[in-house]
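A short write-up of the structure that comes next.
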Amino acid sequence: MRYYLIDRVTELTAGRSARGIKCATLTDEILHDHFPDFPMLPGALIVKAAAQLSGFLLEMTFNRAGEPIVRAVLAQIQRAKFHEPVGPGDRMEILATISSSAESSAQVDFEATVEARQVARGTLTFVMRAIDSPRVDEQRRRIYALWTRELSPPLVFP
């Protein structure tokens, strides 16, 4: 991942939903150009944040001990809607909820809010794929541990 767009996972119910936060700050380089006099997080990055949280949820749901590790790969973005801008100082909360799943795919609905106001929503479709890369596995375990460091009990990552 080039951009880590989730700062923290605040809740995980494997098989059902996850909550996370993204704090927008002026240190987010993209805000310097989008837009110089009215900085706001691009909609594509709001969807990417939702996809990262959704991928985490699906990987924690689909992976089982003793089976090959599968990773969530975003396949489709459906019905993404943006209602209000997210700017510096905003704490965006994202709720990702599995709406349907099959053996090797899933759909996740997401809603992003700032101070209880809906800023974005949509549906994301993922395929679950085995990716034979120790580097990807280690990267995911490191970022997932960082995102969930305040959850109790500590999670075990695939």
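Positions are given from 1 along the sequence. Bear in mind the structure is a predicted one, so any value in this text is a computation, not a measurement.
Remark: T125 OG1 to Q76 CD distance equals 5.0 Å, nearest 0.5 Å. In this structure, the separation between CD on E111 and OG1 on T97 is 8.5 Å, given to the nearest 0.5 Å. Note that NZ of K81 and OG1 of T123 are 10.5 Å apart. Values are rounded to the nearest 0.5 Å. Atoms CZ and CZ, on F110 and R79 in that order, are 11.0 Å from each other to the nearest 0.5 Å. Going from atom CG of L58 over to atom OG of S105 covers 9.5 Å, rounded to the nearest 0.5 Å. Here the CG-CD1 distance, from L53 to I6, works out to 5.0 Å after rounding to the nearest 0.5 Å.
Using a 4.5 Å heavy-atom threshold, the side chains of V127 and S104 count as separate. Considering only heavy atoms from C-beta on, V9 comes within 4.5 Å of F56 through its side chain. Using a 4.5 Å heavy-atom cutoff, the side chains of H34 and M40 are in contact. Counting heavy atoms from C-beta on, the side chains of F62 and M128 come closer than 4.5 Å. Within the 4.5 Å cutoff, the side chain of L124 has heavy atoms near those of the L74 side chain. When side chains are defined from C-beta on, L41 does not count as touching P85, because their heavy atoms never get closer than 4.5 Å.
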Under the criterion side chain to side chain contact (heavy atoms under 4.5 Å, CB included), I'd like the reasoning laid out for I69 against R71: C-alpha separation, chi angles, the key distance, then a yes or no. CA-CA 7 Å; I69 295 173; R71 298 294 176 197; 3.6 Å; yes
Run the numbers on V73 and I131 for side chain to side chain contact (heavy atoms under 4.5 Å, CB included), then give the verdict. CA-CA 10 Å; V73 178; I131 297 175; 4.3 Å; yes
Dump the intermediate steps for side chain to side chain contact (heavy atoms under 4.5 Å, CB included) on L12 and M60, then the final yes or no. CA-CA 9 Å; L12 172 67; M60 295 301 291; 4.1 Å; yes
Would you check, one step at a time, whether the test side chain to side chain contact (heavy atoms under 4.5 Å, CB included) holds for K48 with Q52? CA-CA 6 Å; K48 182 65 174 170; Q52 287 178 2; 3.6 Å; yes
Quick one: side chains of residues 148-158, donor-acceptor pairs under 3.5 Å with protein atoms, not counting sequence neighbours, listed by atom name and distance.
| from | atom 1 | to | atom 2 | distance (Å) |
| --- | --- | --- | --- | --- |
| T148 | OG1 | Y144 | O | 2.7 |
| R149 | NH1 | L146 | O | 2.6 |

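If you chain together hydrophobic residues whose side chains sit under 4.5 Å apart, F35 and V119 never meet in one group. In terms of hydrophobic clustering, with Ile, Leu, Val, Met, Phe, Trp and Tyr side chains grouped at heavy-atom distances under 4.5 Å, L45 and W147 are assigned to a common cluster. Under the 4.5 Å side-chain heavy-atom criterion for grouping Ile, Leu, Val, Met, Phe, Trp and Tyr, L5 is connected to F82 within one hydrophobic cluster. Clustering ILVMFWY residues whenever any of their side-chain heavy atoms sit less than 4.5 angstrom apart, transitively, puts Y4 in the very cluster that holds L57.
Residue pairs meeting the side-chain hydrogen bond (donor to acceptor under 3.5 Å, both in side chains) criterion with at least one partner in residues 9-23, sequence neighbours excluded, are K22-D28.
Checked by atom type, the side-chain pair R121/H83 shows a donor-acceptor distance below 3.5 Å. Judged by distance alone, the side chains of S101 and Q107 never bring a donor and an acceptor atom under 3.5 Å apart.
Here the closest non-hydrogen pair linking P68 and N63 is O-OD1, 3.8 Å. Of all the heavy atoms in I94 and A49, the pair that sits closest is CD1-CB, 3.7 Å. Nearest heavy atoms, V86 versus A24: CG1-CB, 4.2 Å.
The side chain to side chain contact (heavy atoms under 4.5 Å, CB included) with M92 is formed by just one residue from the set T113, I46, I21; it is I46.
D109 contributes no side-chain N or O that, together with a main-chain N or O of A96, makes up a donor-acceptor pair within less than 3.5 Å. Without hydrogens or angle criteria, E115 side chain to D90 main chain gives no donor-acceptor distance under 3.5 Å. The closest donor-acceptor contact from the side chain of H32 to the backbone of L26 lies under 3.5 Å.
More than 12 heavy atoms of other residues, nucleotides or ligands shown are found within 6.0 angstrom of CZ on R117. The environment of E103 atom CD is sparse: at most 12 non-hydrogen atoms of other residues, nucleotides or ligands sit within 6.0 angstrom.
For R140 and E138, the salt-bridge test fails: no basic side-chain N is under 4.0 Å from an acidic carboxylate O.
Contacts of F126 classified as ring-ring contact (aromatic ring centres under 6.0 Å, His included), with partners at least two apart in sequence or in another chain: none.
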